[in-house]
Q: 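The structure's right below; bear with me while I get my questions together.
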Protein chains: 2
Amino acid sequence: MTAQRRLLVGIIQDSPRHLDAAALLEIARKQDPDIDRATVYRTLALLKNRGLIDELDLMHIEGEKHYYEAKTNRDHCHMACFRCGAIMEYASSSFEKLKAEMVKQSGFHIRVVRLEVGGFCKRCQKGVTS
Amino acid sequence: MTAQRRLLVGIIQDSPRHLDAAALLEIARKQDPDIDRATVYRTLALLKNRGLIDELDLMHIEGEKHYYEAKTNRDHCHMACFRCGAIMEYASSSFEKLKAEMVKQSGFHIRVVRLEVGGFCKRCQKGVTS
DNA sequence: ATAACTGCAAATCTTTTGCTTACAG
DNA sequence: CTGTAAGCAAAAGATTTGCAGTTAT
């Protein structure tokens, strides 16, 4: 793996928030001003195929871009608040059970799972009409 | 609701497969040749906001477009086969339980849920290296 | 009347590709 | 050497928007 790619991987791993391609590029340029958009996209595609990162939509809460995060040991759900935009994560054994059940009942071989929820977080619920 | 919108809703409800905006437009034009792309997108946005349809990505198995389906009584998961492109649906009480658990533990008010899985269907597994 | 809906064309945004040069194993 | 990676610029694909005319309440 090249230096640029290692840089990108490091940024994704270290970031406290989920980055999209543009944000990732911007951060990477602080350390390597010559890095190009295409390199970012090509690297993301590669990491995705190798299963090193997960791609998220976060309910398209902010346009159609994709967000990325380093693959964790445990799959988790992302809950996106339509009002404040907060992203919360949620992992539980029930999720694992559900996956196991799906595999067992359908014979499907799971490569990637994405569970996303849109709604209103606890704080934002007060005052929401629906 | 206008005639055009009723037409679009009807098409979505009747379609056996998940349609993207372009496919929906094409079908709609058979009955109303003057209908425009913009109307399709605007109607989809409206239906989505009202919770009448769900928007799917189907793991971006075929580009970045979105697919739509009429909201069903029961949330279900979509499993997309990376090899043959088949889309399978999966609903179970475990999924309902997981949702209930998420609500209880996080206080999040769920508006939309999307559970998508990418991998290989039973038939396509034979011969896949990974 | 007033507000919502439509077509049309142009714009926007994100992501991808072709091509040539530069590296890495 | 030989294959993979990178930069650049242009293209592609999906979706959105401004505006002017139309329809519905």
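Note that these values count all heavy atoms, side chains included, but never hydrogens, waters or copies made by symmetry. Letters go in sequence order (proteins before strands), and every chain restarts at 1.
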Q: On DNA chain D, reading 5' to 3', which nucleotide is the first and which the last to sit with an atom under 4.0 Å from a heavy atom of chain B, could you check?
A: dA14(D) to dG18(D)
Q: Between Asp36(B) and Glu64(B), which has a closest nucleotide on DNA chain C that is more 5'?
A: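 Nearer the 5' end of the strand: Asp36(B).
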Q: Can you list the steps and then say if Tyr68(A) with Leu8(A) is a side-chain contact (heavy atoms from CB on, under 4.5 Å)?
A: CA-CA 11 Å; Tyr68(A) 301 88; Leu8(A) 293 172; over 6 Å; no
Q: Does a side chain donor of either Thr43(A) or Gln4(A) reach within less than 3.5 Å of an acceptor in the other side chain?
A: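 There is no such pair between these side chains.
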Q: Could you tell me whether the side chain of Arg111(B) and the main chain of Phe120(A) form a donor-acceptor pair under 3.5 Å?
A: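 Such a contact is absent between Arg111(B) side chain and Phe120(A) backbone.
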Q: First contact, last contact: which nucleotides of DNA chain C are these for chain B, 5' to 3', heavy-atom distance under 4.0 Å?
A: dC5(C) to dC8(C)
Q: Would you mind classifying the nucleic acid contact of Asp34(B) as base, sugar-phosphate or nothing, using non-hydrogen atoms under 4.0 angstrom?
A: sugar-phosphate
Q: Looking for any heavy atom pair under 4.0 Å, which part of the strands does Arg5(A) touch: base, sugar-phosphate only, or nothing?
A: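 Result for Arg5(A) = sugar-phosphate.
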Q: Considering residues at least two apart in sequence or located in another chain, which fulfil the salt bridge (Lys or Arg N to Asp or Glu O under 4.0 Å) criterion with Lys71(A)?
A: Asp54(A)
Q: Would you find more than 12 non-hydrogen atoms of other residues, nucleotides or ligands less than 6.0 Å from Arg123(B) atom CZ?
A: no
Q: Both Thr2(B) and Arg42(B) contact DNA chain D. Which one's nearest nucleotide lies toward the 5' end?
A: Arg42(B)
Q: Does a side chain donor of either His18(A) or Glu69(A) reach within less than 3.5 Å of an acceptor in the other side chain?
A: yes
Q: Could you tell me whether Arg37(B) atom CZ has more than 12 heavy atoms of other residues or ligands within 6.0 Å of it?
A: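 At most 12 heavy atoms, drawn from other residues, nucleotides or ligands, come within 6.0 Å of this atom.
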Q: Closest nucleotide of DNA chain D for Met1(B) versus for Ala21(B): which of these residues is on the 5' side?
A: Ala21(B)
Q: Are the side chain of Glu116(A) and the backbone N or O of Leu58(A) linked by a donor-acceptor pair below 3.5 Å?
A: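 Indeed, once roles are kept as given, a pair shorter than 3.5 Å links the two residues.
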